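Below you'll find the structure, written out as structure tokens, and then a few comments.
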There are 2 protein chains.
Amino acid sequence: MNKMTLLDVSLIKNLDPFVGMEDTALQDVLDLSDSMHYAKGKMIFREGDQAKCFYLLLDGHIRVVKTSPHGEQIIARVISSGELFGIAKALHRDTYPADAVAAVDCLVLCWSNRHWDKIVNAYPSFASNTNKTVGKRLAETQARVMELATERVEQRVASTIVKLAAQTGKKTNEGILIDFPISRQDVSEMTGTTLHTVSRLMSAWESKGWVKSGRQKITLLESHKLAMVAAGHDKN
Amino acid sequence: MNKMTLLDVSLIKNLDPFVGMEDTALQDVLDLSDSMHYAKGKMIFREGDQAKCFYLLLDGHIRVVKTSPHGEQIIARVISSGELFGIAKALHRDTYPADAVAAVDCLVLCWSNRHWDKIVNAYPSFASNTNKTVGKRLAETQARVMELATERVEQRVASTIVKLAAQTGKKTNEGILIDFPISRQDVSEMTGTTLHTVSRLMSAWESKGWVKSGRQKITLLESHKLAMVAAGHDKN
DNA sequence: ATCGCTAATTGCGATTTCGCAAATAAGAAT
DNA sequence: ATTCTTATTTGCGAAATCGCAATTAGCGAT
């Protein structure tokens, strides 16, 4: 789509999916890609769509969302820059397993799935890095099952915002800001609870001075306190 | 360990992990394996152990169990015959992510991880089948997150026993029997609830004639009714 | 600056699910 | 057959969380 813009190898050279690849190989792969921009709120692909591309997020944040048979949504994960997404091919799927929505304006590279086998076969470290990514996601998902099965809402919410802060956090003079718009509803969809309960928890933490939050904005002031709550320790 | 016993290609020829492989290839792979027996209750590997082997279950059932930091256990999945397990290499892990326990006497093949790369490189369809398995497990795990996040206990328990019946069920003249010893506690560890709640649900269903259950034994008489409950429909 | 929309807050009663405790039952071992 | 161990059942009160509803607040668009 955008073959005119020259994409430089340095854009992707240091990203996890490409470690271990030669510059010439990177250039070859880059030459197969299109670069795309998605405005905040745009849907990049939808659950069940035929998977015709796979993607690399260069800049922004993406929410991966699944919808239950009864219409409730849950956020399966948040993709940050440097991560692959929509890699249905790696899982031998021919449809996407979830919606991908731009949480902010996003810059992505995308490749036609036609190129997948070619790339995977030509560059074993790419294949290997991909497997590693999938393995990590499986482990994370499994960890979430554990949390949902054994922890109370308060712990899950604390743990989720601490993890988000670690993943996407930006230091400000007040504390660590979660660097994309995130509502109470979003947090509830990541933790299996309701926006009401999240709101109550945030209010309680705010009154203790542990967080400072506003409309779609969360700043952690005392992340260690929250980490304690996440771990299920004392609740003072 | 058991090179004396001649293992025949027909043992594994039709199993998912090996579809698309030539008989000679299968024989080569088989020649690298050891066959092992694990008595009911034996632990095959433990979470965090250095992963030195990967396994194929030839006969029996295996519980894959994770333990939370606070000691609660949850059953991540149940492995049935024909499935690979302990494939840490496929996920680029060097430790096992969970315990594997023989739910009944089990017959397994195992391979040293030394052989993993060799096998994967020599037999692309094995690599591909493995990716597919991992993809399926990721999807299942994700589905479980959805259930835990959005459904009530009753639905989750119903859904779990229906799925177990589909996976391991054995037709009897009464109905579909889940073909390995499974306690109320086990079910609770698969659904994120307590054995008490499971017991109450089973009692209720038994009094409606939907199931018949005893000590570590569950038979589904009216699985469609349970499937309705699982789907969250009426509760009559 | 004002309007309008969406997000957030919070009180309160309703439900769900838990957790304890005590009793019973089913097999396994002797 | 008897004893022992482990699984199951069930009542009941407690706790966590939900869900509704009404209000308030923040921010973008006009």
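Keep in mind that what you see is a predicted model, and the values were worked out from it rather than measured. Numbers restart at 1 for each chain; the letters A, B, ... are given by sequence-line order, proteins then strands.
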* Hey, does the side chain of A:T193 come within less than 4.0 Å of D:dC18's phosphate (OP1/OP2), counting only N and O? -> yes

* Asked: So which of residues 172-180 of chain A are in contact with DNA chain D, with a heavy-atom cut-off of under 4.0 Å?
  -> none

* To do: Indicate, yes or no, whether a donor-acceptor pair under 3.5 Å links the base of C:dT6 to the side chain of A:R215.
  => yes

* Who pairs with A:K42 by side-chain contact (heavy atoms from CB on, under 4.5 Å), at least two apart in sequence or on another chain? -> A:Y38, A:A39

* **Under 3.5 Å donor-acceptor pair, B:H196 side-chain atoms to C:dT17 base atoms** => no

* Determine the contact category for B:T194: base if any of its heavy atoms lies under 4.0 Å from a base atom, sugar-phosphate if only primed atoms, P, OP1 or OP2 are that close, otherwise nothing. => sugar-phosphate

* A:E47/A:K66 ion pair, N-O < 4.0 Å -> yes

* Any side-chain N or O of B:T197 under 4.0 Å from OP1/OP2 of C:dT17? -> no

* Aromatic ring proximity B:F85/B:F54, centre distance under 6.0 Å -> no

* Considering just the side-chain nitrogens and oxygens of A:S183, establish if one lies under 4.0 Å of OP1 or OP2 belonging to C:dA7. => no

* To do: Answer with yes or no whether the side chains of A:Q216 and A:S183 bring together a donor and an acceptor at under 3.5 Å.
  => no

* To do: Give a yes or no on whether a donor-acceptor pair under 3.5 Å exists between the nucleobase atoms of C:dG11, that is its base, and the side chain of A:R200.
  => yes

